[in-house]
There are 2 protein chains.
Amino acid sequence: MAYRETALVRARKDSVRHSILEAARSLVGQGGFRAAQMSAVAAAAGVATGTIYRYFPTQIDLFAEVFRGNSQREVDAMQSAAATAGSCSQRLSLAVSTFITRALRNRRLAYALIAEPVDPQVEAERLNYRQAYAKILEALLEEGMVSGEFVRQDARITAAALVGLLGETMLGPLLHSTPTARQSVADSIIALCLRAVGVKP
Amino acid sequence: MAYRETALVRARKDSVRHSILEAARSLVGQGGFRAAQMSAVAAAAGVATGTIYRYFPTQIDLFAEVFRGNSQREVDAMQSAAATAGSCSQRLSLAVSTFITRALRNRRLAYALIAEPVDPQVEAERLNYRQAYAKILEALLEEGMVSGEFVRQDARITAAALVGLLGETMLGPLLHSTPTARQSVADSIIALCLRAVGVKP
DNA sequence: TTAAAGAATGAATAGGAGTTCAATTCTTTA
DNA sequence: TAAAGAATTGAACTCCTATTCATTCTTTAA
């Protein structure tokens with residue numbers, strides 16, 4: 001034998017893989033998935049298109065990983081917010097406002113993750129993450145019902161509804177509002193969520 | 001001149017156009033937009049593919065018209081429900097349950113209209129119709145606030161939120177529930193909507 | 001009946017983006 | 001330094017449908 005992968009090569013391959021992912025992530029963050037053609041990703045990553053295929057079997061696999069990476073961050077952020085100290089209402093408010101704030105910080109990315117038309121297999125990832133959000137909210141709702149803060153309800157449905165509610169308001173009124181109006185819009189959404197879960201007075 | 005379109009020809013052309021639209025509508029209703037390739041539409045309509053182009057400049061135009069046709073029916077149905085006699089709460093309940101019932105009656109179509117990945121120009125139609133739903137709900141919310149049935153709120157935001165809420169719950173929990181569970185799920189969604197708009201006791 | 005104008009046909013074409021692969025360059029070890 | 005094994009390259013290829021258009025029917029009016 002005259003060749004075996006050394007740590008150095010391993011490291012460089014890891015770095016190439018990382019570059020490709022980062023390039024794709026950046027393109028998606030700027031122009032959505034449609035802007036991330038393989039040739040564009042390759043150019044941005046500084047490799048040939050063929051090289052991408054040594055790291056990702058298909059474009060869909062690459063996109064799925066980009067989707068997971070981006071979405072997981074959002075889910076984690078919401079999870080942290082939901083896990084803070086305080087009443088369930090406060091934690092729900094924080095979780096929701098975290099979602100809103102982060103979506104506003106990168107609206108194109110938010111659009112890509114929430115609503116951009118994508119390949120069905122990437123859409124499957126989207127559904128996974130919508131469920132991940134829903135699970136977090138569902139747990140919070142259950143807790144709030146036990147503590148008596150929220151009225152009795154089907155937590156699974158309310159959780160899904162909140163996810164849909166947040167997505168739609170991010171794409172609709174909020175994105176087109178002026179910067180000064182944003183805070184009040186965000187406040188409206190939070191108030192709406194609290195009403196929806198039936199916070200008792 | 002030796003040829004001029006007569007009423008007979010006019011009528012047949014109208015009928016061909018109608019066949020094409022109907023074929024497309026049916027395919028979309030069964031398998032979504034992805035199942036409605038031009039060749040499939042032509043076959044279903046009993047014409048050659050080239051013929052479609054004498055009636056619709058591009059596939060996108062055809063799809064947009066199919067989308068509008070289908071969506072308008074849904075919007076009209078909700079509008080009727082919202083315009084019945086009764087309290088604003090009752091009318092909201094009816095509007096929401098109308099939406100749910102109709103979505104359940106044709107789930108594939110509901111998916112195509114609500115969430116199937118489509119061309120951006122068809123997506124634009126989708127946004128139009130989401131706004132149409134929202135407008136109906138917004139008017140109802142305004143009325144309910146004036147009458148004192150609903151708490152003060154930003155009706156535009158709540159309306160958008162309800163649209164998102166309905167769409168998400170149609171795709172999530174409801175579609176996968178058993179037939180017997182459907183009614184209770186629908187009831188949960190209605191109750192949720194009433195809480196969200198802040199129905200006063 | 002016939003010529004002009006339209007309408008319909010469907011095989012051929014176009015175009016765009018993902019994917020492949022023969023040739024090339026790089027790494028490693030003997 | 002050489003040879004084997006990998007990795008990289010990017011132009012060529014593939015695939016898939018939407019779209020076109022030369023040809024063939026139909027219809028109309030003289």
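Per chain, numbering begins at 1; letters A, B, ... match sequence-line order.
In this structure, Val118(A) and Phe63(A) have side chains that are not in contact, with every pair of non-hydrogen atoms separated by 4.5 Å or more. Looking only at side-chain heavy atoms (C-beta outward), Leu113(A) and Val28(A) stay at 4.5 Å or farther from each other. You'll find the side chain of Thr49(A) stays beyond 4.5 Å of the side chain of Val41(A), heavy atoms only. With a 4.5 Å cut-off on side-chain heavy atoms, Glu125(A) and Asn128(A) count as touching.
Using a 4.0 Å cut-off on heavy atoms, the residues of residues 6-18 of chain B that approach DNA chain D are Thr6(B), Val9(B), Arg12(B), listed by number.
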Using atom names, set out every protein N or O paired with an N or O of nucleotides 11-17 of chain D below 3.5 Å, distance rounded to 0.1 Å.
none

Identify the pairs formed between an N or O of the protein and an N or O of nucleotides 22-24 of chain D at a distance under 3.5 Å, and give each distance.
none

Look for any protein N or O under 3.5 Å of an N or O in nucleotides 13-15 of chain C and output each such pair with its distance, or none.
none

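The pair Arg156(A)-Glu138(A) does not count as a salt bridge, with every side-chain nitrogen at least 4.0 angstrom from each carboxylate oxygen. Looking at Arg17(A) and Glu65(A), a side-chain N of the basic residue comes within less than 4.0 Å of a carboxylate O on the acidic one, giving a salt bridge.
Of the N and O atoms on the side chains of Thr58(B) and Asp61(B), at least one donor lies less than 3.5 Å from an acceptor on the other residue.
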- request: Verify side chain to side chain contact (heavy atoms under 4.5 Å, CB included) between Arg105(B) and Thr101(B), making sure each step is shown before the conclusion.
  value: CA-CA 6 Å; Arg105(B) 200 146 50 210; Thr101(B) 304; 4.1 Å; yes
message: I'd like to know whether Arg102(B) forms a side chain to side chain contact (heavy atoms under 4.5 Å, CB included) with Asn106(B), so could you lay out the CA-CA distance, the side-chain angles of the two residues, the decisive distance to 0.1 Å, and finally the verdict.
response: CA-CA 7 Å; Arg102(B) 293 179 64 91; Asn106(B) 191 342; over 6 Å; no
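For dA14(C), the paired nucleotide is dT17(D), the pair qualifying as Watson-Crick or G-U wobble because both relevant distances are below 3.5 Å. Remark: dA30(C) base-pairs with dT1(D); criterion is Watson-Crick or G-U wobble with both hydrogen-bond distances under 3.5 Å.
Between Pro57(B) and Thr51(A), the one whose closest nucleotide on DNA chain D sits nearer the 5' end is Thr51(A).
Within the 4.0 angstrom heavy-atom criterion, no nucleotide atom of any strand lies near Phe56(B). Tyr55(A) comes within contact range of the sugar-phosphate backbone alone, with a heavy-atom separation under 4.0 Å but no base atom that close.
Looking at Gln72(B), Glu74(B), Arg68(B) one by one, the single match for side chain to side chain donor-acceptor pair (under 3.5 Å) with Tyr129(B) turns out to be Gln72(B).
In this view, Phe99(B) and Tyr133(B) satisfy the ring pair (Phe, Tyr, Trp, His ring centres under 6.0 Å) rule, not counting sequence neighbours. The side chain to side chain contact (heavy atoms under 4.5 Å, CB included) test applied to Ala45(B) returns Ser19(B), Ile20(B), Ala23(B), Val47(B), not counting sequence neighbours.
Counting all heavy atoms, side chain and backbone alike, Gly29(A) lies closest to Arg108(A) at O-CB, 3.2 Å. When every heavy atom of Arg126(B) is checked against every heavy atom of Glu116(B), the shortest pair comes out as NH2-O, 2.9 Å.
For the pair Ile52(A) CD1 and dT8(D) C1', the computed distance is 12 Å after rounding to whole Å. Straight-line distance from the CD atom of Glu5(A) to the P atom of dT28(C): 9 Å, rounded to whole Å. Summarising the geometry, the separation between CD1 on Ile60(B) and P on dT19(D) is reported as 7 Å, rounded to the nearest angstrom. Rounded to an integer number of Å, the gap from OH of Tyr53(B) to P of dT20(D) is 7 Å.
Comparing dA7(D), dT20(C), dG6(C) by their closest approach to the side chain of Arg54(B) singles out dG6(C).
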